[in-house]
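Everything quoted here is computed from the prediction, not taken from an experiment. Proteins come first, then strands; the chains are lettered A, B, ... in the order of their sequence lines, and each starts at number 1.
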Amino acid sequence: MSGRYLGQRVLQALGTIVAIVLLNFLLFRLMPGSPERILLRNPNLSPQVVEATRARWGLDKPLLPDQLVAYIGSTVQGDFGYSFKFRGQSVTSVIADRIGPTLLLVGLGELISAIAGIAIGAYAGWRRGGLVDRVGSGASLVLYSMPYFVIGMPLIVIFAAGLGWFPTSGMTSVGGGDRPFPANLIDLARHLALPLATVSLGLIGQYSILMRSAIIETRSEDYITTARAKGLRDGRVLRAHAFPNAMLPMVTLIAINLGYVIGGAITAEIVFSWPGLGTLTITALSARDYPVLQGIFLLVAVSVVLANLAADIIYGILDPRVRG
Amino acid sequence: MSEPMGEPAIEPALTPPLTPGQIRGRRQWPLPKQADPAAPLLQVRNLQTYFKLGSGWVKAVDDVSFGLTDGEALGLVGESGCGKTTTALSLVRLLPTNGRIRGGSVELFGIDLVAKSDLALQRYRWREISIIFQGAMNALNPVIQVRRQIAEPIRYRLGQSEAASQKRAEELLDLVGIPSRRLGAYPHELSGGMRQRAMIAMALACDPAIVIGDEPTTALDAMVQAQILQLLEQLRRELGLSLILITHDLSVVAETCDRVLVMYAGRVAEEGPVARVFTEPRHPYTRKLLGAFPNIRSDRRTLETIPGEPPNLLNPPPGCRFAPRCPQVMPVCTEVVPPEAVFADGVRVACHLYETPVHETPA
């Protein structure tokens, strides 16, 4: 890959992140109401106290450049202020507490569904009209069209409430996380099973449908005929020639989805009361916890940008034509 | 997997003695087990390849027979859609999913390939019959280095080691005149002519008995076209390749081929030595075809055209398929499929103008 291509992509990503930071600053300054009134929550405050508070937080200074400089300075240092809802906790620590469960649930779900979806889609497309295609593509379409809570509800009804195999919600039983080594992991796995199944099933359809059409498109390319003319086995034609080309559109989709992983699968997390960023978003929204929302917004936006950068780089490795 | 270096089974009279490691078109391994050493290299008999289209069958190749002897170059000519490419691809059954070989035989060293299962047929692809596709830009995989694509059949079909296949691929690229600094190139990094050279190198990878050139120079400009043809001709002479060249460019056939097969609407119209067919065309279609070709030495008169268009091959006319457009059409032509008349100079013609089976060469 040429340095020029890489440099261009990195610069583009950096530019986008700067724009996001500026937008994040302006968006929340444009909201009605004033921070000191929300925080102090007392309508009968004397103007002197309000003024003193404004001065303490730098709100008496003009938006540009003072407030913006201060904002950028603290953002770069990872300081996003303090949560309104979780009193005394910094936004950073509130988000840090929730990021692990989300990465575990959505990251793992993304991984499982990408591998399974690509495998099913590739096979269905290669043997178009075969059994895998008819069963797999039908199921994929149904799953793709179902929101997480529609997938999650029946799973809870059958496997948690009905059969009692798995707990209905949460990430640990009471005291479950404090048990000795294998027991705490098993407890986590039992809690993870249903939400993970929901997230995986929800994503698998999307991947397999796209992969199927990519393989079908690739299959009619001339170089596939060349590969067959070479007398290569069917499996090798698929693996070595059709698959790498069909993966090109998949890389972009996977990377964009990975960016959203950080945001959490909100409905899936809510259905299973999973303590991730998705439930945090809902909590912060209903409590009007602007600093936390601002933090989540920035985190999701930046990770989408970084995931896209990763997609561009991987694309460049897979497809020599875009390296330039 | 690698088979022992056997004595070349078919030794042409004029090939110089072989040295190990030299890139050769001659066989470096024995003939397939069931092969008949006395049989001609390739004998196609009454080949019928149809395509399923809606409720009917398109008779794309109907009753085509021809032979190819060792070291020979055969030109397949005819207008677009006459079944040239389908005929060639039928040899190794590289047909679209709706294509079927409905009858006839393709005998390579006396082994009928039509009777082979798909898996058994794979063994003959590339190793015995390889193809130079037209439009190398699309026929080469865009995301794999050209050298790796050439090495692939050596690695996977001949069972050579990765290092040996790569080395052989480099030799082949050198042979077709691609400079060694372009070894790591991807298809899009090469010019059209270079890509076609790479395609030729790939076709030579397994020392095939027969190379099919499917319009190998169509997409190239005249200068590059000439270079590629020169390369093919040189390789053919040096490696003793047997070549089937599909083209609608008659001058290419005149320059490179020993024999020519003129096809019309899925059937053979005329076949014979290039010198004979081009100087003494006997089938009215061949005459029209030659008349429709610009000649740089002749005066600038308007080119001849053939009125009408080729028949619909879902429902071809019952007699001679050229009858509706033929200037010399007779009543019998629209009813009876013309039998092949064989002339003493080796030309055979499917036309009612020549009724008796064997003819004297016309004066």
Side-chain angles (χ1 to χ4, degrees), chain A residues 1-2 4-5 118 122 124-130 133-134 211-212 214-252 311-324, chain B residues 85 88-89 91-97 116 118-146 148-158 184-190 195 198-199 202-203 205-206 208 211-212 214 219:
Chain A
M1 193 177 327
S2 74
R4 203 181 122 94
Y5 173 78
I118 286 170
W126 196 244
R127 300 237 183 284
R128 191 181 183 178
D133 187 24
R134 274 178 290 160
M211 187 65 188
R212 175 178 177 270
I215 281 278
I216 286 174
E217 202 172 302
T218 310
R219 209 173 56 154
S220 60
E221 294 282 353
D222 288 348
Y223 53 78
I224 298 299
T225 309
T226 307
R228 286 174 57 218
K230 282 177 174 175
L232 302 172
R233 281 167 210 279
D234 197 52
R236 172 142 184 103
V237 177
L238 171 60
R239 278 195 315 275
H241 292 274
F243 191 77
N245 284 285
M247 275 305 286
L248 295 177
M250 298 303 293
V251 169
T252 313
D312 282 342
I313 292 171
I314 296 170
Y315 206 105
I317 292 169
L318 290 181
D319 190 346
R321 285 167 298 184
V322 304
R323 284 172 215 165
Chain B
T85 300
L89 294 186
L91 302 184
V92 281
R93 227 187 290 161
L94 272 178
L95 299 167
T97 42
K116 295 275 174 196
D118 283 349
L119 207 61
L121 187 75
Q122 270 180 19
R123 300 181 59 84
Y124 293 87
R125 288 181 179 162
W126 220 255
R127 197 158 156 174
E128 309 296 353
I129 300 178
S130 71
I131 305 167
I132 303 165
F133 289 97
Q134 68 168 309
M137 185 66 204
N138 298 325
L140 293 168
N141 193 327
V143 303
I144 304 178
Q145 284 178 0
V146 167
R148 302 194 72 85
Q149 295 190 53
I150 296 170
E152 190 184 27
I154 305 169
R155 172 91 181 78
Y156 290 93
R157 298 302 313 288
L158 304 183
Y186 287 89
H188 74 282
E189 294 170 335
L190 296 174
R195 273 199 292 273
M199 195 73 219
M202 193 157 85
C206 294
V211 174
I212 298 170
D214 185 2

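Remark: of the listed residues B:Glu152, B:Arg157, B:Arg127, B:Arg125, B:Glu152 is the sole one forming a side chain to side chain contact (heavy atoms under 4.5 Å, CB included) with A:Lys230.
Annotation: side chain of B:Phe133 is not in contact with side chain of A:Asp222 (no heavy-atom distance under 4.5 Å). The shortest distance between side-chain heavy atoms of A:Leu232 and B:Pro153 does not fall below 4.5 Å.
Between chain A and the options B:Ser130, B:Pro187, B:Pro142, B:Ala203, the largest number of non-hydrogen pairs under 4.5 Å is found for B:Pro142.
Proximity to chain B involves both the backbone and the side chain of A:Ala240, based on heavy atoms less than 4.5 angstrom apart. Using a 4.5 Å cut-off between heavy atoms, B:Leu140 touches chain A through its backbone atoms (N, CA, C, O) alone. Proximity to chain A (any heavy atom under 4.5 Å) is shown, for B:Gln149, by both the backbone and the side chain. When heavy atoms are compared at a cutoff of 4.5 Å, B:Ile132 does not approach chain A at all.
Counting only distance, with no hydrogens or angles, the side chain of A:Arg228 and the backbone of B:Leu94 share no donor-acceptor pair below 3.5 Å.
Within a 6.0 Å sphere centred on CD of B:Glu189, other residues, nucleotides and ligands contribute more than 12 heavy atoms.
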Next item on the list: Mind running side-chain contact (heavy atoms from CB on, under 4.5 Å) on A:Asn245 and B:Asn141 for me, showing each step along the way?
Entry: CA-CA 9 Å; A:Asn245 284 285; B:Asn141 193 327; 2.9 Å; yes
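In this structure, B:Met199 CE and A:Thr226 OG1 are separated by 4.5 Å, a value rounded to the nearest 0.5 Å. Of the inter-residue distances, the one linking A:Arg219 atom CZ with B:Thr97 atom OG1 reads 7.0 Å to the nearest 0.5 angstrom.
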